[in-house]
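Just so we're clear, the structure is a prediction, and the values are computed from it rather than from any experiment. We use all heavy atoms of the structure for the numbers below, so side chains are in, but hydrogens, waters and symmetry mates are not. A note on names: the letters A, B, ... follow the listed sequences, proteins ahead of strands, and every chain is numbered from 1.
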Amino acid sequence: MDYQFKEIEQKWQQFWAQNQTFKAEDKSAKPKYYVLDMFPYPSGAGLHVGHPLGYIASDIFARYKRLKGFNVLHPMGYDSFGLPAEQYAIQTGQHPAITTEDNIATYRRQLDQIGFSFDWSREVRTSSPDYYKWTQWIFMQLFNSWYDKDADKAQSIDKLVAHFEANGSAGINAVCDDEILTFTADEWKAFSNTQQQEELLKYRLTYLRESTVNWCAALGTVLANDEVKDGFSERGGFPVEQKKMTQWSMRITAYAERLLQGLDTIDWPEPLKEMQRNWIGKSIGASVKFPIAAPPKPSPEGRALNEVSPTGGDLEGAIEVFTTRVDTIFGVTFLVIAPEHELVASLTTPEQKAEIEAYIAQTKKKSELDRMADAKTVSGAFTGSYVLNPLNGEQIPIWIADYVLAGYGTGAVMAVPSGDQRDYLFAKHFNLPIVPIIDIQNIETEADPTKEGKYINSDFINGLTYKEATAAVVAKLEEIGAGKAKVNFRMRDAIFGRQRYWGEPVPVYFKDGLPYLIDESHLPLLLPEIDKYLPTETGEPPLGRAEDWSYRPEGAVEAYPYELSTMPGWAGSSWYWYRYMDAHNDQEFASKEAIEYWKDVDLYIGGSEHATGHLLYSRFWNKFLKDLDLVVEEEPFKKLINQGMIQGQSSFLFRLQDRTDFGNDPETVAHYIANKVIPNYADFKGKPGVVFFDYEVVKQYGLQKNVVELHAPIEVVDNANLNIQEYIEHPIGSGYKDPIFFGANFVFWEGEAFGDGIFKVKHETEKMSKSKWNVVNPDDITRPDGKVIKGVVNLYGADTFRMYEMFLGPVEQSKPWNTNGIEGVFKFLRKFWRLFHNDAWEFGVSDAAPSKAELKSLHKIIKKVEEDIERFSFNTSVSSFMIAVNELTDLKCNNRAVLQDLVIILSPYAPHICEELWSLLGNAEGTLSYAPFPKFNAEYLVEDEFAYPISINGKMKMNLSIPLSLDVKGTEEFVLANADVQKYLDGKAPKKMIVVKGRIVNMVV
RNA sequence: GCUCAGAUGGUGGAACUGGUAGACACGCAGGACUUAAAAUCCUGUUCCCGUAAACGGAGUGCGGGUUCGAUUCCCGCUCUGAGUACCA
């Protein structure tokens, strides 16, 4: 029979499922190997062709490890809480649990089609109560813990309470809030319970903190950063404002140092580790307080000394800065604070008020991108006030500038123009003094950040070296209470709350405004049913709609309200790899025995976009669980491989930036265009609406700065043309339906279309993602107009799809999706199938002894595939398989011994066809997955001759077969004796001769 | 701006430790089989000159360098992609 992939693949997928072929053993004499994939969010768009890239790679590796005799754990599950299901629920009223269930069914069907060797008996879903019970349980452990810096680990909060009772706050060295109280044991005991709880909250590893969110009043909801475009919601184009909110936070900063150190112990791609290092952002330096000089001097000129003594300044009202170069403190000639700094208003003198306000207004308009592009132009404004250098009382002017960010450190910088190029340019531009502070410093044309040489103009550190000076300055600052050595981390505590419905409820209730945990026996705290998935009228999160959403603690008369926010997406994924070890345990998140056996993940494959999110949070929770002796390893993922992204083709259309008042300014370009392209523009004048332009118009009128780029879904775009009717019927476009949809080349007004309707989108290659609306699925899709587009799995089968995704290139490399070469992979599998069949497609193999040439081909591929898999170079082994099959076809090989080994080697890549051939060869069904991987024998590859490339001056001229038995000398003689070589040499002896045995011969003439 | 990664035929890519650049595929061109098409098979395919072929020259983003020999190592530059919180 010809190669019938459909029947074969269906047959074996059923067989594997029925026989639980890939179920991992919990107790085994075999060594364990844990291969993990980043589990997907089951989005409504289905599994796209990018997802399987990593899954195929890990599946090949898992199957290979089974053949190599390991007990392999290779599970899969779903990160099933998340925004899209909720968004869909808001639009349709459909419960997210139902949508999620449907989506999971789709994903499962799609995953099964590709023939993965997952152990489905261990499937997890983060949105299932059996699972999120334990997410809530871990949250409770975090709530009940504090970070003890002396022990360098998390400790039980009971221990802290015991300490407070015995010794008060003295002797506690903890990671905690800034404003903690100092108290004695008696004072502690005298606190009310509420006061005690309030104080403890400042130490807990999860705690309440105020933070800002993107609030969109028109949509009545909080938006994620990527749902906001230039201050407006992407969906609908409504204004978005920043709103303060009290939220749960995780004290991940307590683990900053350990998260940093741990990177040196794990086998991860270096760029990924670098990203985490940068995110953690450790810098060693000092914090320095610059006292604010009492009466501001009218003129900023000169370096006059204030009458106030160095230590006499008001340190309470000081500006604190962090610096990594405290040794340069005598070179400070001005201070720069962020325009958003809280002291700006009070520091601004009446004379400077206008200038400062103008500058702040100018800064607010700038987007972050503009600020970056402007890095070369210096800007800033003088507040009119001064601080004093705490070491010599020198007066230092305070400036504001947008290159200082309020969010980082203290939002203030001490400027040393002689040592820092940015400060240097600033000083030059505003004519501020530049003072050299090191004898060898050259500051003629630019700043010199050297640490070599001796200090000058620097008071008591004159003549010292960098190391001595730093120590001396820090000592002095500490002595006068104006500063101290400090390690600064860039990383902030992670926000752990969402004003959403579809997430884990936080197992907390509030009494007297303070949070308390519910009793552990009441876990899981189930997500309540609500009528609508929107916030309440008063702006409370959706859970505020739930009836009786309150908790009555044991013995209490009154019921108290539950927390209304839910946990963020990363909660469930921060520990899921442990649940796979013991997925059905209802007593613990995983049993001690299971964790002892499986320990950690040996190989983790996933995208680098999770570098600073999931991968950092997971390491944090793992370290916390380790501190509590709940798990055994400090790091959860020993080896990690980044799969590259399969990119998609995105389409864009352009919306005029301002939604409501385009009709009010007749001078704007947009107005002009609208007038030109919309024939009856006067009718629309003054009405609220949205103006869209197509790419041609944007280019033609140079509107790039006036418009916002928006994604158009791939299914409503044909070539580069947007189908406008489909777009406004599409969920993403529905926000524009009412009341008017304007286009550059057409108008939609009161449901009617005007104009020719041609709307060109702009194409770009981008990450494939639902939010970019450019998703391509592996299976069939039905377009809105009913047309069915056949997917690759349907057309060529899973084995071809698996091999093709690998054949595209190195796994870690990103590439846009196309099916240009898939034909070749399919032909290869058919050719492979034919090795086992005669011209009439009848199965038949010979039992004769294999020839030398056949064995050579076989052992070449055994060696190559082993090497390739071990270094995750899957694309090159696909090529090698093609070469092997081409060779064996040329040899007319149908030898059982050779072909059976080849079946085993190929099976991790193309498991279905190999299972079929394996059973046709007479083996027991299903035994292929655990067959022994063929042993490589180097003897079959031994050659006695090698065709040396003969080069002259490094240029290859000819090939010459030379016996490998000859030594270097003998090879030289052999070459020189050759008549063709002599022709090239023109009878002369070469000046020099290089012979690398088995490689090359090169002659210099 | 900063950090990281990358740049090889018409296309995806190979060349693993400095040793025959372009493996393996796609595409394209020509041919065989066929009434025809599909499928399959065969041949060719980096560019330039010549052109029947042998042969010659150039060539791994650009400019230098080290070396008998560089896609690979070093210096400088250009461009592309990813991340980003001007990290003080």
> In terms of side-chain heavy atoms of A/Pro810, which of B/A14, B/G57, B/C16 is nearest?
Replying inline: B/A14
> For the pair made of CZ in A/Phe828 and C1' in B/A39, what is the distance, rounded to whole Å?
Replying inline: 19 Å
> Under a 3.5 Å cut-off for both distances, is B/C4 Watson-Crick or wobble paired, and to whom?
Replying inline: B/G81
> Applying salt bridge (Lys or Arg N to Asp or Glu O under 4.0 Å), which residue pairs with at least one partner in residues 828-839 of chain A are found, sequence neighbours left out?
Replying inline: A/Asp2-A/Arg830
> With rounding to whole Å, what would you report as the distance between B/A21 and B/G81 at their C1' atoms?
Replying inline: 25 Å
> In whole Å, what separates the P atom of B/U60 from that of B/A70?
Replying inline: 11 Å
> Quick one: A/Glu812 CD to B/G13 P, roughly how many Å, whole number?
Replying inline: 12 Å
> Starting at the 5' end of RNA chain B, which residue's closest nucleotide do you reach first, A/Thr324 or A/Ser873?
Replying inline: A/Ser873
>> Could you tell me how far B/C49 sits from B/A58 if I compare only their P atoms? Round to whole Å.
In response: 15 Å
>> Taking the C1' atom in each of B/A39 and B/C33, what is the distance between them to the nearest angstrom?
In response: 11 Å
> How long is the line joining NZ of A/Lys282 and P of B/A88, in whole Å?
Replying inline: 14 Å
> Ion pair present between A/Arg277 and A/Asp264, side-chain N to carboxylate O less than 4.0 angstrom?
Replying inline: yes
> If we call it a pair only when both distances are under 3.5 Å in a Watson-Crick or G-U wobble match, what pairs with B/A38?
Replying inline: none
> Nearest-Å distance, CH2 (A/Trp279) to C1' (B/G83)?
Replying inline: 10 Å
>> B/A82, OP1 or OP2 - any side-chain N/O from A/Gln813 closer than 4.0 Å?
In response: no
> Which nucleotide, in any strand shown, forms a Watson-Crick or G-U wobble pair with B/C16, with both distances under 3.5 Å?
Replying inline: none
Nucleotides 65-68 of chain B: which of its N/O atoms have a protein N/O under 3.5 Å away?
from: B/C68; atom 1: O2'; to: A/Asn1002; atom 2: ND2; distance (Å): 3.3
from: B/C68; atom 1: O2; to: A/Asn1002; atom 2: ND2; distance (Å): 2.7

> Looking at side-chain heavy atoms only, is the closest gap between A/Tyr3 and A/Phe5 below 4.5 Å?
Replying inline: yes
> In terms of side-chain geometry, is the basic nitrogen of A/Glu887 or A/Lys860 positioned less than 4.0 Å from the acidic oxygen of its partner?
Replying inline: yes
>> Over all strands shown, is A/Lys273 touching base, sugar-phosphate only, or nothing at heavy-atom distances under 4.0 angstrom?
In response: nothing
> Can we say A/Lys863 and A/Glu867 salt-bridge, meaning some charged N sits less than 4.0 Å from an Asp/Glu carboxylate O?
Replying inline: yes
> In B/S/- notation, 5' to 3', how is nucleotides 2-10 of chain B contacted by protein heavy atoms closer than 4.0 Å?
Replying inline: -SS------
>> Need the pair for B/G63. Rule: Watson-Crick or G-U wobble, both distances under 3.5 Å, any strand; none if unpaired.
In response: B/C75
Pick out the pairs of N or O atoms, protein on one side and nucleotides 23-34 of chain B on the other, that lie under 3.5 Å.
from: B/A23; atom 1: N1; to: A/Ser879; atom 2: OG; distance (Å): 3.4
from: B/A25; atom 1: OP1; to: A/Asn886; atom 2: ND2; distance (Å): 2.7
from: B/C26; atom 1: OP1; to: A/Lys827; atom 2: NZ; distance (Å): 3.1
from: B/C26; atom 1: O2'; to: A/Asn820; atom 2: O; distance (Å): 2.5

>> Any salt bridge linking A/Lys815 with A/Glu805? Criterion: basic side-chain nitrogen under 4.0 Å from a carboxylate oxygen.
In response: no
>> Distance check, P atoms only: B/G6 and B/G13, in whole angstrom units.
In response: 13 Å
> Considering heavy-atom distances to RNA chain B, does A/Asp890 or A/Phe946 have its closest nucleotide positioned more toward the 5' end?
Replying inline: A/Phe946
>> Between B/G1 and B/C24, how many Å separate the two C1' atoms, rounded to a whole number?
In response: 43 Å
> For the side chain to side chain contact (heavy atoms under 4.5 Å, CB included) test, which of A/Thr800, A/Val878, A/Val885 pairs with A/Phe828?
Replying inline: A/Val885
> Can you tell me the Watson-Crick or wobble partner of B/C55, both distances under 3.5 angstrom?
Replying inline: none
> For A/Arg830 and B/C41, what is the distance between atoms CZ and C1' respectively, to the nearest whole Å?
Replying inline: 12 Å
> Which nucleotide sits closest to the side chain of A/Val413: B/C16, B/A88, B/G19?
Replying inline: B/A88
Report, one line per pair, each donor and acceptor closer than 3.5 Å where one atom sits in a side chain of residues 322-329 of chain A; sequence neighbours left out.
from: A/Thr323; atom 1: OG1; to: A/Arg325; atom 2: N; distance (Å): 2.9
from: A/Arg325; atom 1: NE; to: A/Asp327; atom 2: OD1; distance (Å): 3.0
from: A/Arg325; atom 1: NE; to: A/Asp327; atom 2: OD2; distance (Å): 3.3
from: A/Arg325; atom 1: NH1; to: A/Pro449; atom 2: O; distance (Å): 3.1
from: A/Arg325; atom 1: NH2; to: A/Asp327; atom 2: OD2; distance (Å): 3.0
from: A/Arg325; atom 1: NH2; to: A/Thr450; atom 2: O; distance (Å): 3.2
from: A/Asp327; atom 1: OD2; to: A/Tyr455; atom 2: OH; distance (Å): 2.5
from: A/Thr328; atom 1: OG1; to: A/Arg325; atom 2: O; distance (Å): 2.6

> Is there a Watson-Crick or G-U wobble partner for B/G27 with both distances under 3.5 Å, and which nucleotide is it?
Replying inline: B/U45
>> Once side chain to side chain contact (heavy atoms under 4.5 Å, CB included) is applied, do any residues pair with A/Pro949, and if so which ones, sequence neighbours excluded?
In response: A/Phe946, A/Met956, A/Asn959, A/Ile1000
> On a whole-Å scale, what distance lies between the C1' atoms belonging to B/U46 and B/G12?
Replying inline: 16 Å
>> Ring-plane angle category for A/Phe61 and A/Tyr64, please: parallel below 30°, perpendicular beyond 60°, tilted otherwise.
In response: tilted
>> What is the distance, to the nearest angstrom, from the NZ atom on A/Lys815 to the P atom on B/G12?
In response: 12 Å
> Is it true that a side-chain atom of A/Arg802 and a backbone atom of A/Pro908 form a donor plus acceptor pair closer than 3.5 Å?
Replying inline: yes
>> Taking the ring of A/Tyr796 and the ring of A/Phe801, is the distance between their centroids below 6.0 Å?
In response: no
> Once you round it to whole Å, what is the distance between P of B/G19 and CD1 of A/Ile950?
Replying inline: 17 Å
> Between A/Lys827 and A/Glu823, does at least one N-O distance fall below 4.0 Å, as a salt bridge requires?
Replying inline: no
> Given the side-chain rings of A/Trp399 and A/Phe430, with only the six-membered ring counted for Trp, is the space between their centroids under 6.0 Å?
Replying inline: yes
> A/Asp327 CG to B/A88 P: how many Å, rounded?
Replying inline: 14 Å
>> Syn or anti for B/G13? Use the chi torsion, O4'-C1'-N9-C4 for purines and O4'-C1'-N1-C2 for pyrimidines, with syn inside 90° of 0.
In response: anti
> When you compare B/G19 with B/C74, how far apart are their P atoms, in angstrom units rounded to a whole number?
Replying inline: 15 Å
